[in-house]
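Down below is the structure, laid out as C-alpha cells.
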Amino acid sequence: MNRSLSRRDFLKLSGLAMTSLAFTPMFPRGQEQDNGKLARVTIGEIDLRLAPRDDAQIVGKRYRDQLVHIYAELNPPDAPQHYNTLWYRVWGGYIHSAHTQIVNVRLNEPVQSIPETGQLFEVTVPYSTAYQYTTWDGWQPWRGTRLYYETVHWATGIDEGPDGKAWYQITSELSKLEKYFVPAQHLRFIPTEEIAPLSANVTPEDKWVRVSIPEQKFWAYEGDELVRSGDVSTGIPSRRLSSDDLPTATPTGQFRIQAKMPNKHMGSITGNPDYEGGFSLPGVPWTCFFEPNGGYAFHGTYWHNNFGLQMSHGCINMRNEDAKWLFRWVTPVYEGDIESFTDWYTIGYGTRIEIA
C-alpha cells in the first residue's frame with residue numbers, strides 16, 4: 001500500500017538514510033505557486049539563469065541530487081532548431097531540463113516476507129541512501145551509489161535497519177555477492193501482473209520496432225499499425241578507450257531482441273561517475289538487449305531528461321514509461337516466475353529491430 005507524504009515530511013524521514021540529502025527549500029515569489037512537480041539534479045552542477053536562455057546571466061548553481069520545485073515549464077520561441085527547448089522556472093531563476101529527473105515522494109508499507117530468490121521493487125522517493133553492515137565497521141554507506149527514483153532492484157530479504165525499522169536487503173544483479181540495505185518504505189513491490197505481456201494475441205513476427213538515429217525516435221508496429229512511438233537518446237560516437245571497448249555509436253541494421261532483464265546494474269560496482277568516464281548505474285530499469293554481442297540495449301533512463309538528442313554510450317535511452325511498455329510488449333516473453341537467480345532474465349529469438 002502506498003501513501004502520500006509531503007516533501008517536508010520526506011526530509012524528516014529515516015534520518016540516517018537521508019542525512020546527505022542536498023535540499024534547499026524553494027519558495028515561490030509573490031503569487032507564484034509550484035505546479036506540483038519536483039525535479040532532481042542528475043549531474044555535478046547545473047546553471048541557474050536569469051532567463052530561459054543559454055546566454056542569460058548565471059545567477060547561481062544547483063547541485064547533484066538537489067531537489068527543486070518547478071513553478072512553470074517553458075519552451076522559449078527563440079530556442080534553436082534540433083534543441084531541447086524545455087526549461088523550468090524555479091526559485092531564483094531558470095534551469096534547463098536536460099540534466100534533471102522529475103521525481104515524487106511516496107512511502108510504502110513493508111511486505112511481510114521476501115523469498116531468498118528475490119522479488120522486484122521500484123524506488124518511489126527521489127533517492128535512497130544504501131547501507132552495508134559489517135561486524136568491524138557496523139552500518140556504513142554502501143560503496144556504490146544511491147538508488148534513484150523509478151530504478152528497479154531485486155530485494156532478497158528483509159531485516160531491521162540501523163534506525164530500528166524494516167530495511168530490504170538488495171542483491172546486486174551485477175554480483176550476487178554484493179548485498180546492501182535500504183529502508184523498506186522507499187521501495188514499492190512490483191506485482192507480476194504489472195509486467196505481464198502486452199498484445200500477447202499478436203503473432204510475434206507481426207511485432208517490430210523501428211529506430212531513427214537522425215530523428216532520435218522509435219516506432220513500434222503490429223503489422224502495419226503503429227501502436228506506440230516516442231523520443232529516444234542513442235549513442236554519441238566517440239573514440240574507443242581500448243580495443244576491448246564497444247563503439248559508443250548505436251549500431252545500425254536489423255537485429256532481434258536477445259535478452260530481457262527487468263533491471264540491470266550497468267557500469268561497475270564501484271564506478272565513479274566523475275572520474276575518467278567510469279560509472280555505476282544500479283537498477284537500470286526494463287532492459288532489452290538487441291545486439292548479438294550483448295553490449296547494446298533499450299532501457300529506461302534516470303540520469304537525464306534530454307530525449308530527442310544523442311546522449312548514451314551506445315544503448316538506446318528511453319523514458320522509463322516507454323521502456324517498461326517495450327519490455328512488456330516485445331518477445332521473448334518475460335514470465336516473472338522466480339524460482340532461482342537464473343530467472344532474473346530471459347533469453348530467446350525475439351522481436352525484430354530495425355535501426356537506421
Side-chain angles (χ1 to χ4, degrees), residues 150 152 173 195-238 240 245-267 281 283-336 343-356:
E150 289 190 337
V152 174
E173 172 276 327
I195 55 176
L198 295 173
S199 299
N201 60 323
V202 176
T203 303
E205 279 302 310
D206 286 337
K207 293 182 177 182
W208 62 287
V209 179
R210 181 167 71 91
V211 176
S212 170
I213 291 179
E215 296 179 76
Q216 292 293 289
K217 291 183 179 295
F218 84 95
W219 299 267
Y221 295 90
E222 294 175 359
D224 295 327
E225 180 185 358
L226 178 66
V227 293
R228 195 173 181 104
S229 62
D231 295 329
V232 298
S233 291
T234 62
I236 301 174
S238 66
R240 297 191 198 189
D245 292 326
L246 291 171
T248 58
T250 300
T252 59
Q254 292 199 8
F255 306 92
R256 293 276 179 171
I257 297 296
Q258 305 283 333
K260 289 166 60 173
M261 308 177 73
N263 86 321
K264 183 77 179 80
H265 190 144
M266 294 189 173
L281 298 173
V284 175
W286 317 120
T287 303
C288 299
F289 287 91
F290 61 84
E291 194 266 340
N293 293 323
Y296 301 95
F298 296 90
H299 59 72
T301 309
Y302 58 89
W303 51 91
H304 76 79
N305 187 28
N306 211 27
F307 301 100
L309 295 172
Q310 291 172 302
M311 291 290 291
S312 83
H313 289 113
C315 287
I316 298 175
N317 293 181
M318 307 181 79
R319 292 184 173 90
N320 288 337
E321 58 268 26
D322 285 336
K324 186 175 184 179
W325 181 90
L326 193 76
F327 180 89
R328 299 178 62 187
W329 182 78
V330 298
T331 58
V333 172
Y334 183 80
E335 298 292 350
D343 295 325
W344 285 8
Y345 64 93
T346 188
I347 59 175
Y349 184 75
T351 299
R352 175 165 53 100
I353 310 296
E354 296 184 2
I355 304 176

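Note that the numbering runs from 1 along the sequence shown for the chain.
For the atom pair CZ (Arg228) and OG (Ser199), the distance works out to 11.5 Å, reported to the nearest 0.5 Å. The distance from atom CD1 of Ile353 to atom OH of Tyr296, rounded to the nearest 0.5 Å, is 16.0 Å. Distance check: Met261 CE to Tyr334 OH gives 8.5 Å after rounding to the nearest 0.5 Å.
Residues Ile213 and Gln310 have side chains in contact (heavy-atom distance under 4.5 Å, counting atoms from C-beta outward). Using a 4.5 Å cut-off on side-chain heavy atoms (C-beta onward), Pro292 and Phe255 make contact. Two residues are said to be in side-chain contact when any heavy atoms from C-beta on lie closer than 4.5 Å; Phe218 and Ile316 fail this criterion. Between Met266 and His299 the shortest side-chain heavy-atom distance falls below 4.5 Å. Between Lys324 and Ile195 the shortest side-chain heavy-atom distance falls below 4.5 Å. Residues Phe307 and Asn317 meet the side-chain proximity criterion, which asks for heavy atoms closer than 4.5 Å.
Residue Pro214 comes nearest to Ala356 through the heavy atom pair CD-O, 3.5 Å, listed as atom of the first residue, atom of the second, then distance. Residues Gly295 and Cys315 come closest through the heavy atom pair O-SG, 4.0 Å. Residue Val152 comes nearest to Trp286 through the heavy atom pair CG2-CZ2, 3.8 Å, listed as atom of the first residue, atom of the second, then distance. Taking all atoms of both residues into account, the shortest heavy-atom contact from Trp219 to Ser212 is CZ3-CB, 3.6 Å. Annotation for Pro251 and Phe290: closest pair CG-CE1, 4.1 Å, computed over non-hydrogen atoms. Looking at every heavy atom in both residues, Val333 comes nearest to Pro197 through CG1-CG, 3.4 Å.
Heavy-atom neighbours of Tyr221 OH from other residues, nucleotides or ligands within 6.0 Å: above the threshold of 12. The 12-atom threshold is not exceeded at CD1 of Ile347, counting heavy atoms of other residues, nucleotides or ligands nearer than 6.0 Å.
Within the structure, side-chain hydrogen bond (donor to acceptor under 3.5 Å, both in side chains) pairs that include any residue of residues 202-211 comprise Glu205-Arg256 (at least two apart or interchain).
The main-chain N or O of Gly235 is found under 3.5 Å from a side-chain atom of Ser312 such that the two form a donor-acceptor pair. Listed for the Lys260 side chain is a donor-acceptor partner under 3.5 Å among the backbone atoms of Phe327. When atom types are taken as modelled, the side chain of Asn320 and the backbone of Thr301 share a donor-acceptor pair closer than 3.5 angstrom. Although no hydrogens or angles enter the test, the distance criterion places a donor-acceptor pair under 3.5 Å between the side chain of Ser233 and the main chain of Leu309.
Below 30°, between 30° and 60°, or above 60°: for Trp329 and Trp325 the angle between ring planes is below 30°, a parallel geometry.
The side chain to side chain contact (heavy atoms under 4.5 Å, CB included) test with Phe298 is passed by exactly one of Ile257, Val232, Val330: Ile257.
Neither side chain, Asn263 nor Glu173, offers a donor N or O lying under 3.5 Å from an acceptor on the other. Side chains of Gln216 and Thr234: a donor on one and an acceptor on the other come within 3.5 Å.
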Does Thr287 form a side-chain contact (heavy atoms from CB on, under 4.5 Å) with Tyr345? I'd like the steps, not just the answer. CA-CA 10 Å; Thr287 303; Tyr345 64 93; over 6 Å; no
